[in-house]
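Taking it in order: structure first as structure tokens, then the write-up.
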2 protein chains.
Amino acid sequence: MTRRKKQEGTPVLPGKLHEPGDCRAISEVLSRVGDKWTVLVVSTLGQGPKRFNELRKALGSISQRMLTLTLRALERDGLVTRTVYPTIPPRVEYELTSLGCSLLDPVNSLSTWARKNRPAMEEARRRFDTAEGKSAA
Amino acid sequence: MTRRKKQEGTPVLPGKLHEPGDCRAISEVLSRVGDKWTVLVVSTLGQGPKRFNELRKALGSISQRMLTLTLRALERDGLVTRTVYPTIPPRVEYELTSLGCSLLDPVNSLSTWARKNRPAMEEARRRFDTAEGKSAA
DNA sequence: CTGGATCCCTTAGGATACTG
DNA sequence: CAGTATCCTAAGGGATCCAG
């Protein structure tokens, strides 16, 4: 990256976008959003505020460690709020912020894509694997 | 999970979706799409077919190992095609399939969200971190 | 109930060297 | 040029125990 030889940054595509900063932004957001639990947590919270163990049960297989870490990260990024009721036993509620809600939108679009195209992907995968098996055998 | 006390599975949200299989589909797709390079590669290929080293340069910092792995996965999932021209030196072109192109759409929606809201996220992060610093100090 | 701390294993992923 | 193979480190993430 010390010397670029020919101006690689020049956008080629007419209607589309390809600013240098965009990719950074996207991959940064995606590494948050794309981790193992974030989306599940966010879309679960899309149903309304939930307590820690409610989330845990709703998500099924998440470890409490990962749930804590995920929620902390989401809180840090301003996507959820964490409200502690200093009762005994303690009660903590998590809720999407408006920023968090706004994330539901692109996520749903991806979710729609996923449901629609997963069969195609799985078939492609099967074909690829069997083709591979043929040449390997 | 042995005894549910009160029917947790009942959907609460009216217009939204929460089928059990959906989450699996979404997180499965997201673990493909959300990995470190997939989106970058796909959106780079959105500009048109590219050769291996073209991609490498366009992506800047990817290792050739990761590029190979990413491309293989994308090919397996039917998102890109790999065309080998048996010349010397060899020439291999990668191109999005129509399935791959269709993925650009939700990705762009996420990308738009990312560009629009990254400032808010960063500010939230800053606030969170300084607040943490205060109580830690 | 919420969640921090620790242990430990698995995976992701970069650097490098080698091949057709 | 376009990979494959190997090595190695860091991060992801589960299980478990401890504490307010």
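Everything numeric in this text was worked out from a predicted model, so none of it was measured. Proteins get letters first, then strands, A, B, ... in listed order; numbering begins at 1 in each.
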Check your understanding: Does A:Val80 share a hydrophobic cluster with A:Val84, counting links as ILVMFWY side-chain heavy atoms below 4.5 Å and allowing steps through other members?
Key -> yes
Check your understanding: To 10°, what angle do the rotation axes through the five end pairs on each side of the helix from C:dC1-D:dG20 to C:dG20-D:dC1 form?
Key -> 40°
Practice item. May I ask you to test the B:Val39-B:Leu110 pair for a side-chain heavy-atom distance under 4.5 Å? Key: no
**Study point:** Nearest-angstrom distance from the residue atom CG of A:Asn53 to C1' of C:dG3
**Key:** 10 Å
Practice item. Can you figure out which of C:dC1, C:dG3, C:dG13 approaches the side chain of A:Phe52 most closely? Key: C:dG3
Exercise for review: Begin with the C-alpha distance, continue with both residues' side-chain angles, and end with the deciding distance and a verdict on side chain to side chain contact (heavy atoms under 4.5 Å, CB included) for A:Trp113 and B:Asp105.
Suggested key: CA-CA 9 Å; A:Trp113 187 92; B:Asp105 217 54; 6.0 Å; no
Exercise for review: Write down the distance between CG (A:Leu59) and P (C:dT2), rounded to a whole number of angstrom.
Suggested key: 13 Å
Review point. Looking at DNA chain C, which of residues 64-82 of chain B put a heavy atom within less than 4.0 Å of it?
Key: B:Gln64, B:Arg65, B:Met66
Exercise for review: Test B:Val41 against every option in B:Leu96, B:Leu79, B:Leu59, B:Asp35 by the side-chain contact (heavy atoms from CB on, under 4.5 Å) rule and name the one that passes.
Suggested key: B:Leu59
Study note, to complete from the structure: To the nearest angstrom, the OH-C1' distance between A:Tyr94 and C:dC1 comes to 11 Å
Review point. Salt bridge check: are A:Arg126 and A:Glu122 linked by an N-O gap of less than 4.0 Å?
Key: no
Review point. At under 4.0 Å between heavy atoms, what does A:Tyr85 touch on the DNA or RNA strands: base, sugar-phosphate, or nothing?
Key: nothing
Review point. In chain order, what residues pass the side chain to side chain contact (heavy atoms under 4.5 Å, CB included) check against A:Ser61, with sequence neighbours excluded?
Key: A:Trp37
Exercise for review: State the CG-CG distance between A:Leu55 and A:Leu45, to the nearest 0.5 angstrom.
Suggested key: 5.0 Å
Exercise for review: Please list, chain by chain and in numerical order, all residues satisfying side chain to side chain contact (heavy atoms under 4.5 Å, CB included) with A:Thr87, sequence neighbours excluded.
Suggested key: A:Tyr85, A:Arg91
Exercise for review: Could you pick out which residue, B:Trp37 or A:Arg51, lies toward the 5' side of DNA chain C when each is mapped onto its nearest nucleotide?
Suggested key: A:Arg51
Point to revise | Rounded distance (Å) that lies between atom C1' of C:dG14 and atom NZ of B:Lys36 | key: 8 Å
**Study point:** Contact list for residues 65-82 of chain B, test side chain to side chain donor-acceptor pair (under 3.5 Å), sequence neighbours left out
**Key:** A:Arg125-B:Asp77, A:Asp129-B:Arg76, B:Arg32-B:Asp77, B:Arg82-B:Tyr94
Exercise for review: Give the first and the last nucleotide of DNA chain D, reading 5' to 3', that has any atom under 4.0 Å from a heavy atom of chain A.
Suggested key: D:dG13 to D:dG20
Review point. Hey, does the side chain of A:Ser111 reach the backbone of A:Val107 with a donor-acceptor pair shorter than 3.5 angstrom?
Key: no
Study note, to complete from the structure: For B:Leu104 and B:Gly46 the tightest heavy-atom approach is CD1-CA, 3.9 Å
